[in-house]
Each structure stands twice: as structure tokens, then as C-alpha cells.
Amino acid sequence: MTTAAISIRDVRMDYPTPDGVKHVLGGISYDVTEGHYVSIVGPSGVGKTTLLRLLTGLAQPTAGEIIVAGKRLSGAPEGLAVVLQDYTRSLMPWLTVERNIALPLRNEKISKANVRQRVKESLTEVGLEGSERAYPWQLSGGMQQRVSIARALAVRPRILVMDEPFASVDAQTRFDLEDLVLKVRADFGITTLMVTHDIDEATYLSDDVVVLYGKPATVSDIVSIDLAFPRSQVETRNDHRFAQMRTRIYEKVRGLS
Amino acid sequence: MRRIGRWLLAVLIGGWLPVLLITWWWNASADSTDPFFPPLHAIWEQFQYNWIWQFWGIHVMPTLQNLIVGFLIAVVIAIPLGVVVGSSRTTATYVEPVVDFIRSIPPVALVPIFILLLGLDSSMRIASITFAASFPILLNTIEGVRATNVVLLDTAMVFRLTRNQILWRVRLPNAMPTVFAGLQVGFQIAFIVAIASEILGSGFGLGAFTLIATDSFMILDAWTGVMLLGILGYVLNLVFDVVERISLRWYFGQRKLV
């Protein structure tokens with residue numbers, strides 16, 4: 001039996017607005033299997049980011065609960081790391097790459113030498129060895145996003161949450177980062193949840209794609225992506241089953257079926 | 001080598017106009033007999049006699065001392081207060097209208113009130129300087145701390161930084177460019193008030209010296225006072241810029257790239 005790393009149970013989220021209460025999430029239930037890569041897709045404004053804020057403990061659901069490691073979520077859970085879309089605003093511009101990565105390690109009781117070692121390992125994992133002393137703004141967008149990923153890896157998370165992680169970089173860099181994420185996944189097997197609007201990307205990277213649809217949003221489909229690992233940008237994307245799955249997800253996102 | 005070259009070029013580009021103006025002034029005023037516009041070379045001779053270093057101790061040191069002490073007290077009061085107010089919306093709603101009202105009063109106009117309250121010694125001058133310099137620093141600190149972007153705060157919270165860590169390692173560094181702008185404006189106002197507070201009821205200090213010189217028809221002395229004030233203001237501002245550039249290297253580096 002597989003265990004659920006994250007258990008989302010009938011989660012509802014309402015926002016008060018001047019025109020009355022807005023129901024954003026209307027009863028979302030889903031179990032994320034330990035070690036799986038799950039993408040959450042859906043039309044713009046459906047509440048993907050809201051769900052992500054609930055999963056990271058930044059907001060509390062109106063009803064329902066989220067269980068992480070057997071505990072009901074209230075506030076940011078231990079062992080969870082994030083990579084956000086806006087790398088220019090999620091890395092601290094006044095800290096060097098090394099200090100950015102080391103910042104979340106402050107509350108862990110590890111020696112300075114160990115911190116430096118972890119920073120080094122994380123940077124090597126993302127292919128940025130030797131960039132410790134640069135400032136984030138001296139790096140390209142793709143490299144900054146690699147630093148974000150390194151920062152997430154340095155805390156040795158059990159769960160990685162990513163919000164549109166590759167939305168602000170150019171196409172070539174995007175492919176590189178996608179493959180980097182696959183490599184990280186193969187190396188560490190971290191349970192990963194990614195919010196994205198890019199259906200191809202979701203299909204390419206995930207074990208499961210969860211489609212949110214409707215107002216309020218509910219899970220309209222869960223598509224199992226049983227394409228073989230390791231995946232490759234050319235072969236995987238040319239697989240006719242890849243096309244079938246992305247078509248199915250596309251139709252669900254568009255509300256066509 | 002290239003850096004020195006670029007620096008030299010900047011000095012040349014920035015310097016030609018002042019040099020031209022001074023040369024023109026020097027020549028145009030050389031034969032002046034107008035008592036109000038004495039020749040520049042006469043002013044310069046008097047300047048050297050007065051300030052290197054005849055009256056430095058009596059007139060310059062008290063002004064600088066008041067200025068620096070008053071300004072530092074303002075920094076020590078306004079920054080923590082700004083951090084408290086900026087971190088909490090509720091406090092801000094209570095405090096801001098009052099702050100907005102008081103800061104609208106021209107600080108120089110309050111000097112007589114401080115004289116009434118504190119008399120004519122340097123505590124009055126320091127209090128005026130502190131009062132005037134506090135507002136820009138306070139307002140900018142509030143603004144800077146409040147304007148920390150949400151993504152940064154979210155990131156810090158998900159990585160489980162404590163409240164204190166978020167304050168010291170995220171909010172404050174993020175606010176520093178804005179705080180620095182406030183410090184600079186505050187310092188300029190402090191300088192103005194330092195001089196203005198001496199014009200009323202003082203025998204010492206640069207402001208007093210210049211005023212007394214004007215009142216006693218010692219026009220040369222008055223000119224040297226004004227000149228030294230200009231130079232002091234310029235140099236102090238320059239020091240400020242250098243400190244800012246060094247301590248906010250990340251900010252200027254980032255801005256240069258954008």
C-alpha cells in the first residue's frame with residue numbers, strides 16, 4: 001500500500017468580497033502519493049494558487065483539512081520547500097547566492113561548515129557550482145530559478161511545492177529547467193506539487209495531473225501519466241500517448257468534456 | 001586604471017561649470033568697490049584667515065556637534081518607531097494622521113517654541129534638529145518596512161523563519177534603500193535647522209557668525225560664512241552618498257542592471 005504524503009480532504013475556500021462571498025474552492029479532495037510528482041492545472045483564475053497557499057500553510061481553508069505527515073496543517077509545515085514563479089522577488093537581492101540558500105537553514109541546528117557543504121551540494125545539483133558569491137541579480141533568469149531550486153533542496157525537504165516555476169523564463173531555459181526538475185526527482189524522490197498553466201509541461205513532468213475546473217473549483221479529472229522514466233524532451237513528447245493525455249487534459253481545462 | 005580614468009572623466013564633466021563660474025566671479029569682482037559685493041580674492045583671503053583655523057573651534061565645532069548629536073538622536077528614535085508602525089496596519093492608522101499633521105509644520109517655525117520650552121542653550125538646538133530630522137526618517141522607515149513585497153514574505157514564512165528573523169533578515173534589509181533616502185532628506189533638514197536655530201539667540205555657531213557679521217556690516221565675514229556653509233553642506237552630502245553606495249551595494253548594483 002502506498003502512503004499519502006499529503007491528504008487534501010474536502011477543502012473549501014471562500015473569500016469575502018464587496019459583492020458577497022466568493023466561493024473559490026468547493027470541496028477539493030485528493031491524496032498525493034509519497035514520492036509522486038503531481039501537477040495542478042486548470043483555467044486562469046480557477047483557484048490553483050489559492051490551493052497552493054493552503055498547501056504551504058500560508059492560508060487556512062474555510063472548511064475541510066489538509067493532512068501532512070499525519071498532522072493537520074496549520075502554518076508552514078516542517079520539511080516543505082517552495083519555488084515560486086517570480087524568482088526576482090523570491091530571492092533576497094541583498095544576499096549572495098550562498099547566503100540566500102543558507103537563510104532557511106538558520107533554524108536547523110547544523111554547523112557552519114555543514115551549511116556551506118549543503119549549499120555547495122545543492123548548487124552542484126542544479127548545475128551552478130561555484131556561484132556562491134554572486135548576487136542573484138547578477139545571474140540570468142534561468143540561473144536565478146536554479147538558485148531557488150537549490151535553496152529548496154538545501155533544506156532537504158520531503159515535500160516540494162512549486163508555483164509556475166518556469167513561467168518567467170525563455171523556452172530553451174524552460175526545457176533545461178524541466179529536465180533539471182526530472183533529474184532532482186530521480187535523485188531524491190521528493191514528493192512534488194506543481195501548479196502550472198502549461199499542459200504540456202504538466203504532462204511531461206508528472207505522475208498525476210489534477211485538473212481543477214468550475215466556480216467554485218472542484219477536481220474535474222485526475223490523469224495518470226504512465227509514461228516511462230527517464231523522460232526525454234524529444235521521445236516522450238513524441239509518444240502518441242503523450243498526445244492523447246495532453247488532449248484529454250486540454251479538453252478538461254477548457255471544459256470541453 | 002580604467003576606473004581611475006572614468007572617475008577623472010566624471011570630475012572633468014562635473015567640474016568645468018563650477019570652475020568657469022568661479023573664474024568669472026573672480027575676474028568680474030576683482031575691481032569691485034561695492035561694499036556688498038567685495039572682490040572674490042578678498043573673500044578668499046578672509047576665508048582662509050577665519051576658517052583655517054581661527055574660528056573653527058568657536059563657530060564650526062558647535063554647529064557640527066549639534067547637527068550630529070541631534071541627527072543621531074533622530075535616527076535612534078525614528079527608525080525603531082518606523083519599524084513598529086510599519087509592521088502593523090493598526091498602529092499605522094492611529095499614528096499616521098498625527099505624523100502627517102506635525103510634519104506639515106515648517107520645522108524652522110518651531111524653533112521659537114523650543115526656545116520657550118528649553119531656553120537658549122544647545123539642548124534647544126539639538127531638540128529642534130532632532131524634531132525636524134525625525135519625520136523624513138520616520139515616514140520613510142514606515143514606508144520601506146511596509147512595502148516589503150508579499151512574495152518575499154511568503155517565501156520567508158514557508159521556510160519557517162521566525163518573526164524576528166523576518167524582521168531583521170527580510171523586512172529591514174528590504175527597507176534600507178527607502179530608509180537611506182529618508183536619512184538623507186532628514187540630514188539636509190537637520191542642517192537647515194542647525195543653522196536656523198543659531199540665528200535666534202546665539203553667539204556661537206556658523207549661523208550666528210554669519211548673521212552677526214551681516215548685522216555688523218562685516219560683509220567679507222558674512223560671505224565667508226555663507227561660503228563655508230555651502231562647502232560643508234556639499235561635503236556632508238558627499239559623505240552620505242559614499243556611505244550609502246558602500247552599504248547598499250546590492251541595491252545600486254541591481255538598479256544598474258535593470
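Here the structure is a predicted model, which means the values were calculated and not measured. Within every chain, numbering begins at 1; the chains are lettered A, B, ... in the order of the sequence lines, protein sequences first and strands thereafter.
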Would you check if Leu103(A) and Phe159(B) make a side-chain contact, meaning some heavy-atom pair closer than 4.5 Å? no
Are Arg169(B) and Arg106(A) packed together at the side-chain level, in the sense that at least one heavy-atom pair is separated by less than 4.5 angstrom?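 When only atoms from C-beta onward are counted, Arg106(A) and Arg169(B) do touch, with a gap below 4.5 Å.
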Please check if atom CZ in Arg146(B) has more than 12 non-hydrogen atoms from other residues, nucleotides or ligands closer than 6.0 Å.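 Counting neighbours around CZ of Arg146(B), more than 12 heavy atoms of other residues, nucleotides or ligands fall under 6.0 Å, so yes.
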Taking NZ in Lys22(A) as the centre, count heavy atoms belonging to other residues, nucleotides or ligands within less than 6.0 Å. Is the count above 12?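 Counting neighbours around NZ of Lys22(A), 12 or fewer heavy atoms of other residues, nucleotides or ligands fall under 6.0 Å, so no.
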Heavy-atom pair with the smallest gap, counting every atom of Pro104(A) and Leu161(B): CA-CD2, 4.3 Å
Heavy-atom distance under 4.5 Å to chain B: side chain of [X], backbone, both or neither?
X        : answer
Val82(A) : both
Pro77(A) : backbone
Leu84(A) : side chain

Closer than 3.5 angstrom, by distance alone: can the side chain of Asn107(A) be matched with the main-chain N or O of Arg160(B) as a donor-acceptor pair? yes
Taking ring pair (Phe, Tyr, Trp, His ring centres under 6.0 Å) as the criterion, tell me which of Tyr135(A), Trp94(A), Trp137(A) meets it with Trp250(B). Trp94(A)
Interatomic distance, Leu91(A) atom CG to Thr155(B) atom OG1 [nearest 0.5 angstrom]: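 Leu91(A) CG to Thr155(B) OG1: 8.0 Å, rounded to 0.5 Å.
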Nearest-0.5 Å distance, CG of residue Leu153(B) to OG of residue Ser90(A):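 Going from the CG atom of Leu153(B) to the OG atom of Ser90(A) covers 12.0 Å.
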Non-hydrogen atoms of chain A under 4.5 Å away: do they reach the side chain of Asn149(B), the backbone, both or neither?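 For Asn149(B), the contact with chain A is made by the side chain alone.
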Under 4.5 Å, counting heavy-atom pairs only, tell me which of Gln138(A), Glu78(A), Arg53(A), Met92(A) racks up the most with chain B. Glu78(A)
If we check side-chain contact (heavy atoms from CB on, under 4.5 Å) with Val158(B), which of these qualifies: Leu55(A), Val161(A), Leu58(A)?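 The side-chain contact (heavy atoms from CB on, under 4.5 Å) with Val158(B) is passed solely by Leu58(A) among Leu55(A), Val161(A), Leu58(A).
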